[in-house]
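Quick notes on the structure that follows.
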Amino acid sequence: LSAGLPIVSSPKEGAVFRLLREQGCGVSYDPLRTGDTEKVLRELLNSPERRQRMANAAGRLYAEQFVAETVFERMAVYLEQVAQGGSETG
């Protein structure tokens, strides 16, 4: 994500799969299906526009969700709310 490149991942379910699908920053392949990895990579290779959209989404997701300053700021706000007796689900 931090490199601003599309992510190619093997999980076909779970949090990583949902993140890639929902954010449009990558694709998943089934490691148990012969040729699926090659198929996914070939599709990306042959679609520069799609790769660029995914790359842009990956960079945006990283900046919004994973940059240390952003994460720490949100954590600080959350901890202040908890300390003041506010919502713990923040």
request  = Flag the pair Lys39 / Arg42 as yes when at least one side-chain heavy-atom distance between them is below 4.5 Å, and no otherwise.
outcome  = no
Heavy-atom nearest pair, Gly24 first then Ala57, reads O-CB, 3.5 Å
For Ala63 and Thr70 the tightest heavy-atom approach is O-OG1, 3.7 Å
For the backbone of [Y] and the side chain of [X], can you confirm whether one donor and one acceptor N or O come within less than 3.5 Å of each other?
X: Asp36; Y: Asp30; value: yes
X: Arg50; Y: Leu44; value: no
X: Ser28; Y: Pro11; value: yes

Hydrophobic cluster identity match, [X] and [Y], side-chain contacts under 4.5 Å:
X: Phe66; Y: Tyr78; result: no
X: Met54; Y: Phe17; result: no
X: Ile7; Y: Val67; result: yes

For Glu49, the side-chain contact (heavy atoms from CB on, under 4.5 Å) test, sequence neighbours excluded, returns Ser47, Arg53
Euclidean distance, [Y] [atom2] relative to [X] [atom1], rounded to 0.5 Å:
X: Leu5; Y: Arg51; atom1: CG; atom2: CZ; answer: 10.5 Å
X: Glu22; Y: Leu61; atom1: CD; atom2: CG; answer: 10.5 Å
X: Arg21; Y: Lys12; atom1: CZ; atom2: NZ; answer: 10.0 Å
X: Tyr29; Y: Ser10; atom1: OH; atom2: OG; answer: 4.5 Å
X: Gln23; Y: Gln65; atom1: CD; atom2: CD; answer: 7.0 Å

Q | Neighbour count above 12 (heavy atom, 6.0 Å) for Arg74 CZ | A | yes
Should we count CD of Glu73 as having more than 12 external heavy atoms under 6.0 Å?
no
Exercise for the section: Report the C-alpha distance between Val27 and Leu20 in whole Å, list the side-chain angles of each, state the deciding distance to 0.1 Å, and finish with yes or no for side chain to side chain contact (heavy atoms under 4.5 Å, CB included). Expected result: CA-CA 6 Å; Val27 293; Leu20 296 179; over 6 Å; no
